[in-house]
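Hydrogens, waters and symmetry mates are skipped; everything else that's a heavy atom, side chains included, is used. On a predicted model such as this, the values are computed, not experimentally measured, just so you know. In listed order, ligands and their atoms are each counted from 1.
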Amino acid sequence: MQIDLQNIKESSNQFSDYGIMLDPTQRAWIEISGSSIKNNVSRIKESLKEGCKFMAVVKADGYGHDAKLVSKYALKGGADELGVATLQEGINLRKSGIKVPILVLGNIYNNDDLIVCFKHDLMPTISTIRDCLLCNNIGKKFHKKFRLHLKVDTGMSRLGFELNDFVDKFDQIISCEYVLVEGIYSHFASADEANALDINSFTQVQKRKFQSVLKRINVDKYPFIRNHIANSAATLLSKEMHFDMVRVGLSMYGYKPTSRSEANIVLQPALLLKSKISFIRSIDKNVGVSYGSKFISDKKTKLAVVSIGYADGISRQLSNKISLICNKKFYPQVGSITMDQLMIDIKNDQDIKVGDPVLLLGSDGDLSVSPMDWAEKSSSIAWEVLCGFKNRLPRVQVQ
Ligand SMILES: *Cc1c(COP(=O)(O)O)cnc(C)c1O
């Protein structure tokens with residue numbers, strides 16, 4: 001057979017200089033619905049205590065959804081502020097032109113980084129008097145108040161002042177001339193647990209500790225300070241948790257971390273994970289599939305190879321446990337998930353062809369798979385599933 005090399009060379013021009021396919025949807029990709037993010041934010045915001053602000057948490061590249069895109073639609077939906085984990089995440093949002101207050105939730109502990117934070121008008125989370133004094137010196141040097149949030153530890157044992165220490169130091173902090181305390185906050189450790197509304201639950205104990213520390217410093221004397229403690233679970237739980245602001249991550253992306261909820265809100269998952277079938281083969285009974293032959297056919301069947309694998313962020317722990325949606329039907333994934341590909345058993349369905357799209361996460365009509373389903377099957381949590389998707393998967397905006 002004659003092969004026309006000239007033609008092959010030309011058709012490979014679909015690769016750009018960086019080796020990225022110009023049509024990002026050819027192999028595997030993530031579709032993000034901006035309007036779902038916007039609707040989720042506005043629905044949650046409507047359910048908040050009157051006057052309560054909404055901080056959209058867009059750390060870890062917007063839980064894998066693309067932080068810039070998520071921020072844009074969250075702000076359209078009525079978000080007042082943004083929360084990021086790192087200095088760099090905050091800088092990236094500022095560079096994209098975002099002007100609203102941005103809180104860095106992680107700890108920034110050295111002077112140079114605090115200066116960078118200040119210069120980009122990002123608010124650091126402060127957990128020690130030492131860091132507070134560093135901020136005061138920076139503000140003084142540049143003749144402008146350093147806006148920041150103070151964190152208190154009510155039971156997470158991660159960041160934050162110890163409670164008595166906080167009460168002792170508060171007068172010194174609030175009298176720092178070049179520091180503007182914009183917020184005081186804490187973080188729940190177990191608000192997604194079923195008992196979170198029970199009076200003696202860990203969540204209620206944390207809430208009471210937070211209230212008590214605010215009372216001890218006479219926080220009412222400082223109306224410009226926003227007090228906040230609620231993540232998504234606590235936000236959905238009850239208005240009692242809202243204080244002056246809520247910090248919502250997971251639910252803004254369309255998922256409810258808790259079944260206990262006073263607010264009856266419908267959320268729309270904003271993410272669809274898709275790939276395509278790259279190859280179809282028939283196998284006989286008793287044939288091993290993929291590494292280690294962890295699946296052996298019990299009858300003659302057909303397999304479809306799907307172009308997505310653990311290097312894209314699909315945990316190998318899910319091997320042999322999930323189903324994918326193709327042509328409005330579920331098909332079981334079989335054999336070990338490999339780095340770049342996985343197999344599904346398409347039985348003897350004749351209508352599935354090479355090139356057909358496959359849905360891994362999200363819904364198609366009545367069929368749906370959520371990150372919670374995957375989390376349960378891989379001893380993980382929805383948060384980890386979502387932010388596990390790698391950059392090899394292009395994020396494509398839909399609607
Ligand atoms: C990630 C994070 C949140 C958001 O949590 P969700 O459960 O995703 O709503 C809120 N506050 C802090 C401090 C966080 O780190």
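Remark: the Y185 side chain and the T125 side chain contain an N/O donor-acceptor pair separated by less than 3.5 Å. For the residue pair N200/Q204, the side-chain donor-acceptor check at 3.5 Å is not satisfied.
Heavy atoms from other residues, nucleotides or ligands lying under 6.0 Å from CE of M156 number more than 12.
Residues passing the side-chain hydrogen bond (donor to acceptor under 3.5 Å, both in side chains) test with D66: none are found, sequence neighbours excluded. In terms of the side-chain hydrogen bond (donor to acceptor under 3.5 Å, both in side chains) criterion, residue partners of E81 (sequence neighbours excluded) are, by chain and number, R226.
Contact residues of ligand 1 (protein heavy atom closer than 4.0 angstrom to a ligand atom; sorted by chain and number): V57, K59, Y63, L105, R158, H187, N231, S232, R247, V248, G249, L250, W383.
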Can you give each donor-acceptor pair under 3.5 Å made by side-chain atoms of residues 388-399, sequence neighbours left out, with the distance rounded to 0.1 Å?
residue	atom	partner	partner atom	Å
R392	NE	D312	OD1	2.9
R392	NH1	D340	OD1	3.0
R392	NH2	D312	OD1	3.4
R392	NH2	D312	OD2	3.1
R392	NH2	D340	OD1	2.9
R395	NE	G64	O	2.8
R395	NH1	K390	O	2.8
R395	NH1	L393	O	2.8
R395	NH2	G64	O	3.0
R395	NH2	F389	O	3.2
Q397	NE2	Y73	OH	2.7
Q399	OE1	S33	OG	3.3
Q399	OE1	S35	OG	3.1

